Amino acid sequence: MTKKTMIQAFEWYLNYEDKHWKTLKDKIKYIKALGIDQVWLPPANKGQKGVSDSGYGVYDLFDLGEFNQKGTVDTKYGHKDDYMALIKEIKDQGLELIVDIVLNHRLGADATELVDAKEVDMDNRYHVRDTKQIEGWTQFNFEGRNNTYSNFKWRKEHFKAVDFDVKTQTNAIYLFEDKSWDLKVDSENFNYDYLMGADVDFYNKEVQAELLNWLAWYYELTKFDGVRLDAIKHIDASFLKMALRKLREFTQDSFAVGEYWSGDLKALHDHLMDVDFSMQLFDVPLHYNLVAASENNDYDLRTLYNGTLVSNNPNYAVTFVDNHDTQIGQSLESWVKPWFKRHAYAFILLRDKGLPSVFYSDLFGSNHPEMEKVDSLDKLLYLRKDHLKGSFFDYMDDPHTIGWAYTGNKEADGLVVVLNTNDRTMKRMFVGMHNANTYFVDCMTSENPKEVRVDASGIGYFPVEAKACSVYIRKEGRYSASIL
């Protein structure tokens with residue numbers, strides 16, 4: 001079992017004034033101490049909205065806060081020098097650098113071009129109207145960068161569609177004449193190639209060469225350890241395989257996780273097959289199950305794994321509770337309710353499947369007033385570091401109260417977890433014969449923590465308050481003083 005843990009080290013509501021690259025640099029030692037191994041940074045490139053752009057509105061991939069473009073030298077997160085200083089600190093602390101790569105689209109073009117195109121039906125992307133001439137934002141000149149790092153200029157032939165006709169001031173999806181949608185993409189809308197902006201044509205040989213050149217440049221600059229690939233349900237799987245083959249020419253063991261946003265397990269499996277299982281995927285179905293459990297008091301906790309990637313292909317699942325897109329007010333808003341957050345994190349951090357990702361605002365808080373940090377999340381991370389040892393016993397046997405136990409061994413302590421969504425109760429669990437006649441204490445409670453005596457048979461009755469999450473460890477264990 002891999003014990004690696006990731007942090008998504010940003011949130012949507014960061015501001016330019018937060019100086020995120022500098023602020024995050026000061027948190028890296030603490031992140032390391034929590035037992036986190038991988039630091040996923042946001043897109044570092046210049047976006048169309050300058051210092052207001054989170055990086056997903058890609059303007060120039062080669063501008064990491066170095067050139068005066070879109071009204072600013074800095075990106076939303078700071079200057080390139082600050083970015084490189086943060087990367088050095090991540091490396092110095094022995095952590096893995098995961099960079100966010102956005103390939104699907106370009107926004108904020110410098111000029112328009114006339115192009116023949118067909119208007120496409122929003123709900124069925126194969127239904128098109130007659131060809132007409134439109135004026136689209138497709139010229140990217142990057143004059144502020146002045147050919148530094150690359151002299152490539154994006155033009156209409158490098159894209160396949162846009163969503164605005166300047167000539168008629170009309171919003172619609174326009175597929176360019178003699179272009180076709182990518183084939184190995186999500187089947188929503190019959191074909192979900194198009195997402196936003198100027199849609200990159202991954203079948204164009206010049207585009208392929210430029211993006212692979214950029215990938216090599218970015219790796220040489222940062223020596224990243226892995227990538228998070230954005231919006232891959234809209235990108236042909238054949239190009240993703242090409243990009244990952246190129247990446248693994250630099251470093252054979254390079255980590256890759258894709259954002260394929262679908263709650264359909266079959267769609268996730270289909271994509272994994274299409275890319276020859278060359279990446280992991282975020283477990284969106286598990287996220288939706290956690291949301292449902294937080295919203296429905298009658299949710300059956302025994303079904304949390306139903307239809308999830310982590311239960312079917314755990315080696316390819318990156319689990320998460322929430323992320324920047326699911327935050328309140330965002331495009332995929334599906335925020336796990338605060339009362340259930342600790343339950344959810346215990347479920348992904350203290351079980352033996354998948355690679356869990358911790359969200360920045362859950363650990364450190366958000367600029368959004370309705371999203372506070374999760375109580376005791378730091379404790380759960382400390383517990384993951386040292387307590388997932390020994391034999392594992394699962395007690396997903398009650399719709400409202402589930403639990404599990406690691407027995408520990410001669411060299412390490414175990415733990416007991418109880419999740420409850422109903423009235424106060426207790427759960428009978430076996431914790432190993434070497435824990436017989438010992439005491440376990442609930443480390444989620446700071447004042448008057450509950451104690452449980454394990455009997456001579458290695459069995460204890462572990463209480464849990466109404467709608468609470470309890471985690472018990474040996475009272476006289478090796479790490480109990482630091483945790484309690």
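Side chains included, hydrogens not; waters and symmetry mates left out as well; all remaining heavy atoms used. Worth saying up front: this structure is predicted, and the values here are computed from it rather than measured.
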Would you say the side-chain atoms of [X] pair up with the backbone N or O of [Y], donor to acceptor, closer than 3.5 Å?
X	Y	value
R302	M396	no
D386	L383	no
K427	T401	yes
S254	T251	no
S361	S366	no
D53	G57	yes
D274	S238	no
N289	N306	yes
H343	A293	no

Discussion item. Do K91 and F224 form a cation-pi contact, if we require the NZ or CZ to be under 6.0 Å from the six-membered ring centre and within 45 degrees of the ring's axis?
Written reply: no
For the rings on [X] and [Y], is their centre-to-centre separation under 6.0 Å?
X	Y	answer
Y77	Y83	no
Y305	F347	yes
F239	F202	yes
Y472	W404	no
Y316	H271	no

With a 3.5 Å cut-off and no angle check, do the side chains of [X] and [Y] form a donor-acceptor pair?
X	Y	result
K76	N15	no
T308	S311	yes
Q8	H324	yes
D352	Y406	no
N313	H269	yes
N45	D60	no
W335	D322	no
Q327	E11	yes
H287	S334	yes

Item to complete: For the pair Q330 and Y13, evaluate side chain to side chain donor-acceptor pair (under 3.5 Å) and give the outcome as yes or no after the intermediate values.
Response: CA-CA 10 Å; Q330 293 309 309; Y13 295 103; 2.9 Å; yes
Can [X] and [Y] be counted as an ion pair, charged N to O under 4.0 angstrom?
X	Y	value
D182	K184	no
K4	E96	yes
D442	K450	yes
E259	K233	no
D264	K266	no
K341	D362	yes
K19	D26	no
D413	R474	no

Fill in: Non-hydrogen atoms of T407 and F393 that approach each other most closely
CG2-CE1, 3.5 Å
So for atom [atom1], which belongs to [X], do other residues, nucleotides or ligands contribute more than 12 heavy atoms lying within a distance under 6.0 Å?
X	atom1	answer
F277	CZ	yes
K373	NZ	no
K223	NZ	yes
Q93	CD	yes
F364	CZ	yes
F190	CZ	no

Worksheet item: Is there a ring pair (Phe, Tyr, Trp, His ring centres under 6.0 Å) between W261 and F282 once you walk through the steps?
Response: CA-CA 8 Å; W261 195 267; F282 288 103; 8.5 Å; no
Side chains of [X] and [Y]: closer than 4.5 Å at any heavy-atom pair?
X	Y	answer
R351	F392	yes
M6	P356	no
V374	Y345	yes
L415	L388	yes
T438	K475	no

Discussion item. Working to the nearest 0.5 angstrom, can you tell me the gap between L86 CG and K22 NZ?
Written reply: 12.0 Å
Discussion item. Would D230 and R228 count as a salt bridge (Lys or Arg N to Asp or Glu O under 4.0 Å) here? Give the steps.
Written reply: CA-CA 6 Å; D230 183 65; R228 182 265 186 186; 2.8 Å; yes
Item to complete: Evaluate the side chain to side chain contact (heavy atoms under 4.5 Å, CB included) criterion for residues F440 and F462: first the C-alpha distance (whole Å), next the side-chain angles of each, then the deciding distance (0.1 Å), finally the verdict.
Response: CA-CA 9 Å; F440 275 61; F462 297 90; 4.0 Å; yes
